[in-house]
Amino acid sequence: MDYNFKTIEERWKKEWEKNKIFKTTINNKKKFYVLDMFPYPSGAGLHVGHPLGYIASDIFCRYKRLQGYNVLHPMGFDSFGLPAEQYAIATGQHPEKTTKVNSEKYKKQLKNLGLSFDWERELKTSDTNYYKWTQWIFKQLFNSYYCNIDDKAIHISELIAEFERNGNKSVQSPCDDDTQVFTADEWKNLSYEEQQNILLKYRLAYLSNTWVNWCEGLGTVLANDEVKDGVSIRGGYTVEQKKMKQWALRITAYADRLLKGLDQIDWPNSVKEQQKNWIGKSSGLNIIFKTENNLNISIFTTRPETIFGVSFLVLSPEHEHLSQLCIDDQKEKIRKYQIKCFKKTELDRISNVDSVSGEFTGSYALHPFSNEKIPIWISDYVLSNYGSGAIMAVPAHDARDFKFAKNFKIKITQVISNGTIVENKPYLEKEGKVINSSFLNKLSISDASDKISKLVSQKNIGSSSINFRLRDAIFSRQRYWGEPFPVYYKNNIPQLINDDELPLELPSIDSYLPTKKGDPPLARARNWKYKDNYVYEHSTMPGWAGSSWYFIRYLDPHNTKKFVGEKEIKYWENVDLYIGGAEHATGHLLYSRFWTKFLFDLSLINFSEPFKKIINQGMILGESSFVYRIKGKNTFVSYNLKDKYKTTKIHVDINLVEKNHLKINKFKKSRIEYNNAEFICEDDNYICGSSVEKMSKSFYNVVNPDNIIEKYGADSLRMFEMFLGPLTQFKPWKTEGITGVYSFIKRFWSLFYRNDKFEVSEEIATNEEKKILHETIFKIKNDIEQYSFNTCISSFMIITNKLRKINCNKKEILEPLLIVLSPFAPFLCQEIWSKIHGEKNIIDEKFPKYDEKLFIKNDFDYPVSVNGKKKLSININKNLTDEEIENLVVSQKRVTDLIGDKKIKKIIIVKNKIINIVI
RNA sequence: GCCCAGGUGGCGGAAUUGGUAGACGCGCUGGAUUCAAAAUCCAGUUCUGGUAACGGAGUGUGGGUUCGAUUCCCACCCUGGGUACCA
């Protein structure tokens, strides 16, 4: 009987849904939590690149379940976001509608793939019963501050108690830079509003008036990780710097723990490395330079040993002391330079990295050790928000300082040397001895550094300091389609709404655009006030709010009393395996770790890292096709003739191309402007060009999984996706290749048929058959555990070819094989299983154990090489001694022929590996 | 520039701790079946010389270590990803 995947897959899809075989509940088995990055449900639906990770995780889930684990495998949707909102702006349709339609479509497509998701745990970040708890977590952040002494987040009431006892002089907590020192009495005498403003400087969710990435095109601010090359990642609109009041999360308080935690988790090196660089910890020294007019300028350096190489100071254009330092003659120039800098957008700054600019203030500082006069400059290469916004410039040993000094003809003093002399380029290596440095001369770099550290603190002009590149995360967006903040304003002071008033639902509005005054869309909502009196916050939360904790909500998605139940969190804990794209390295994956640590500090969860292991699946690339149109004409030239004309390369829909040949008639009909197109062909065919690039609608190279399932079935698609290559690598998609796995599946199916009738034999298996089976079980088990799914597929092909050759249809062999194959091709295996066992689900079986004795042989085909080059192989019993092997080898005629009259220098025998004759 | 991956036939890719390079599949070639095609089955397929047996070369490039290197070391080239003045 033919393999009819359509009826098989339809049947089991229904059965599985009806019997809820993927539903998970807490039981006394060991848990295993497998998570896929949940998708944003876009209108385009899935293409074959999307399910790659889902199929891999599904195979692992099914395998773990066969191993006896209680496997949690949920799926949901990251449904707040820009495309739905932009669609809403264009059509007036509420984003909720499109979100619903799109996620239903996704769900159907995912179900067609036979993925073992527990859909009863489905969540959408835009559902009120989900974002209710996102708002609730925001409230906890607002109500917390970070205590550096306990190294954790603590409820704000503790801080208030401390203020009442001792003021803030002994408080060690991250806070805004402009926080003043006050005593307990001063605190008590403050008004309520004044107190609230001070508390806001300590809260983990706070209002900050800072420079933000303002994106006019999107009408909103963006976080650093949402901006690239000066444009927004979504949409590609220009981003500029603007000072605005925004909600921010004090992620910097967790910088050190986020860094340290990386050591405990099994993540791809590249992601860890990216997070490390993003956090950017550097330790150094703050040193105070006195100016001639007695001001203190604090600088930060990581290289104190170069202090005698300082030939100027550079301040950021925003530096607080600038007005006092600038002499009258320079005031105009400095003012102009400042204006230029403030105007600069991120884009300008990035595109002009190589240019050097700056102005001299006219003032001098005094070198803390040599008392030498040091000119003070300003330049935009010094950032106001890193370190102290001022540096000591050591041109001989820093690339930017060097360029600056050369440009403005400032002297360059070399103070570190390994023999080379600084002339045309700086010496950046941290190797060598200190020179030209008074009392530091001849010391090693580390000794000199230590000495300066000590002296600086003795003289009371500095202290060691640690700086991070990481910035607090801007948390408000001037958009509609996001979580509203559970916040209203009373006398300009932000206040939280009560827990029992959550969720604060998105109000309906007449248009999804900003107001005429430039306020966010929520300002349009009518009668939307807290207790009809107080204004709500009009911004909404960013896209990453909901995704920062969704893995927790899956554990208990229907809980109406808590964000997650205690029993659930205790049993399921954190994610054991997380599969998704690497593009979230510094966004989602960092924010999730931050929120997890925060919730851990509040004892709301029992783990401090969200994802124990991460695997980044590689992107599947599409093969794009091109046609070549002669410039100015509606004539297309075939690929090999195109160089004879001036042509424009145009993407053509891959559905109009077959094996590089353009289907000319279909192409003509595809667009009005092509109706009358003419073609210059070669051998009567129009050949298209092709190249491999990202699979994307705009390149017309998208392959839809639905079409493939229609033609070959989901099992073939699943296996083919795995067969393409290693999970983590980028790989091109070529649909033709699927015939390989498709015919494998048909061959496997036919193992169970004799003369068109289903038939498995009860005969006892031979040793040879057992050997084949157990070898395969061993190999598959190992490969699955190393996530090497592509090699699993070839093993299945190999065993199937072998069993066909020996015509084996014995139950003793095929039954275990079915279980081993079932994670990969669940429909097929379930169908055959039910033919043997009736109603039983193959997923409830046990993964078979292998017996090594069955496939370890007592002889070995030794490859014999001469001088490392393989010449022949000889079958030798494993029990022979080296001497016996040697005698056997040299007595072979082929061997004596090969050696001829040369002398054997040595024979190397590696047991069960190789024999090498050296002549 | 810096950091991280990766580079193996016409193509996707295999190859325990250094030990038979090219498993498995696609494609291609030839054959069987068929009126024919699709599908299926059988054989071949790294390049190169040879009918063949058999030889030579060969894992981005150049060196090195080793009896033996796709695997280890050094230098370089290329592709992809990340990052952007962080003192």
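By convention in this document, chain letters (A, B, ...) are assigned in the order of the sequence lines, proteins followed by strands, and residues within each chain are numbered from 1.
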Under 3.5 Å, which protein N or O atoms sit close to an N or O of nucleotides 5-12 of chain B? Give each pair with its distance.
unit_1, atom_1, unit_2, atom_2, d
B:rC11, O2', A:K734, NZ, 3.4
B:rG12, O2', A:L724, O, 2.4

Using nucleotides 70-72 of chain B, report all nitrogen or oxygen pairs with the protein that are shorter than 3.5 Å.
none

Polar atoms only, N or O, under 3.5 Å: list the protein pairs with nucleotides 37-41 of chain B and their distances.
unit_1, atom_1, unit_2, atom_2, d
B:rC41, OP1, A:R747, NH1, 3.4

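Proximity note for A:E273 (side chain, C-beta onward) versus B:rA84, B:rG56, B:rC4: the nearest is B:rC4. Considering only side-chain atoms of A:R400, the nucleotide from B:rG68, B:rC86, B:rA23 that sits closest is B:rC86. Taking only side-chain atoms of A:I798, from C-beta outward, the nucleotide of B:rC86, B:rC24, B:rA21 with the closest atom is B:rC24. Candidate nucleotides B:rC3, B:rA87, B:rC24 were compared by shortest atom distance to the side chain of A:N277, and B:rC3 ranks first. Of the listed nucleotides (B:rA21, B:rU83, B:rA87), B:rA87 has the atom at the smallest distance from the side chain of A:I391.
Taking the six-membered ring for Trp, A:Y712 and A:F5 have ring centres at least 6.0 Å apart. Side-chain rings of A:F796 and A:F748 stay apart, their centers remaining 6.0 Å or farther from each other. Ring centroids of A:F308 and A:H367 are separated by less than 6.0 Å, placing the two rings close together.
Residue A:E736 contributes atom CD, which lies 15 Å from atom P of B:rG13 at whole-angstrom precision. Between A:N916 atom CG and B:rU20 atom C1' there is a gap of 12 Å when expressed in whole angstrom units. One atom, CG of A:N286, and another, P of B:rC86, lie 17 Å apart when rounded to the nearest Å. The interatomic distance linking A:K403 (NZ) with B:rA87 (C1') rounds to 15 Å, in whole Å. Atom pair A:K272:NZ and B:rG82:C1' shows a separation of 17 Å (rounding to whole Å applied). Between A:K870 atom NZ and B:rG55 atom C1' there is a gap of 15 Å when expressed in whole angstrom units. When rounded to the nearest whole Å, the span between NZ of A:K694 and C1' of B:rG81 equals 12 Å. As a whole-Å value, the separation of A:K276 NZ from B:rC2 C1' is 16 Å.
A search for side chain to side chain contact (heavy atoms under 4.5 Å, CB included) contacts involving A:I466 returns A:K281, A:S283, A:F468, not counting sequence neighbours. When the salt bridge (charged side-chain N to carboxylate O under 4.0 Å, His left out) test is applied to A:E886, no partner is found at least two apart in sequence or on another chain. Scored by the side chain to side chain donor-acceptor pair (under 3.5 Å) test, A:D266 finds A:K613 as partners (sequence neighbours excluded). Qualifying side chain to side chain contact (heavy atoms under 4.5 Å, CB included) partners for A:E883, counting only residues two or more places apart in sequence or in other chains: A:T881, A:N887. Looking at residues two or more places apart in sequence or on another chain, you find no salt bridge (charged side-chain N to carboxylate O under 4.0 Å, His left out) involving A:K906. The side chain to side chain contact (heavy atoms under 4.5 Å, CB included) test applied to A:S788 returns A:D783, A:N790, A:T791, not counting sequence neighbours.
Taking atom P in both B:rA15 and B:rG60, the straight-line distance is 16 Å, to the nearest Å. Separating the C1' atom of B:rU65 from that of B:rC74 is a span of 11 Å, rounded to the nearest Å. Taking atom P on both B:rU40 and B:rG18, the two are 43 Å apart, rounded to the nearest angstrom. B:rA69 and B:rG44 are spaced 30 Å apart, taking the P atom of each and rounding to whole Å. Annotation: B:rG7 and B:rU61 have their P atoms spaced 13 Å apart (nearest Å). Comparing B:rA39 with B:rA57, their P atoms sit 42 Å apart, to the nearest whole Å. Nucleotides B:rG56 and B:rC4 have their P atoms positioned 41 Å apart, rounded to a whole Å. Taking atom P on both nucleotides, B:rA14 is separated from B:rG64 by 31 Å, rounded to a whole Å.
Between the base of B:rU16 and the side chain of A:K779 there is no donor-acceptor pair shorter than 3.5 Å.
Nucleic acid contact class of A:N801 (heavy atoms, under 4.0 Å, all strands): sugar-phosphate only. A:P726 comes within 4.0 angstrom of sugar-phosphate atoms only, judged by non-hydrogen atoms across all strands, and of no base. Contacts of A:N790 with the nucleic acid, taken as non-hydrogen atoms under 4.0 Å apart, involve only primed sugar atoms and P, OP1 or OP2. Nucleic acid contact class of A:V918 (heavy atoms, under 4.0 Å, all strands): sugar-phosphate only. Residue A:I908 is in base contact, counting any heavy-atom pair closer than 4.0 Å across all strands shown. Note on A:S873: nothing from the nucleic acid sits closer than 4.0 angstrom, heavy atoms only. Among the heavy atoms of the strands lying under 4.0 Å from A:K871 are primed sugar atoms or P, OP1, OP2 only; no base atom is included. Residue A:V382 is in base contact, counting any heavy-atom pair closer than 4.0 Å across all strands shown.
The structure places CE of A:M392 at 8.5 Å from CG of A:L285, a figure rounded to the nearest 0.5 Å. To the nearest 0.5 Å, atom CD1 of residue A:I917 and atom CD1 of residue A:I909 are 9.0 Å apart.
Within a 6.0 Å radius of NZ in A:K911, more than 12 heavy atoms belonging to other residues, nucleotides or ligands are found.
With a glycosidic angle further than 90° from 0, B:rG44 counts as anti.
For A:S873 (side chain) and A:Y862 (main-chain N/O), no donor-acceptor pair under 3.5 Å exists by modelled atom type.
Between A:E775 and A:K779 there is no salt bridge, since no side-chain nitrogen of the basic residue lies less than 4.0 Å from a carboxylate oxygen of the acidic one.
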Quiz item: Which dot-bracket string fits RNA chain B when only Watson-Crick or G-U wobble pairs with both atom distances under 3.5 Å count, crossing pairs get [ ], and | stands for a partner on a different strand?
Solution: (((((((..(((......[....)))((((((.......))))))((((....))))..(((((..]....))))))))))))....
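Pairs passing the salt bridge (Lys or Arg N to Asp or Glu O under 4.0 Å) check and including a residue from residues 305-321 of chain A, sequence neighbours excluded, read A:R303-A:E305. Sequence neighbours left out, the pairs with a member in residues 734-743 of chain A that pass side chain to side chain donor-acceptor pair (under 3.5 Å) are A:W733-A:T735.
The residue among A:S794 and A:R303 whose nearest nucleotide of RNA chain B is located toward the 5' end is A:S794. Residue whose closest nucleotide on RNA chain B sits further toward the 5' end, between A:T791 and A:V271: A:V271.
When the side-chain nitrogen and oxygen atoms of A:Y386 are compared with OP1 and OP2 of B:rA87, one or more of them lie within a distance under 4.0 Å.
There is a side-chain donor-acceptor pair under 3.5 Å between A:S282 and A:Y386.
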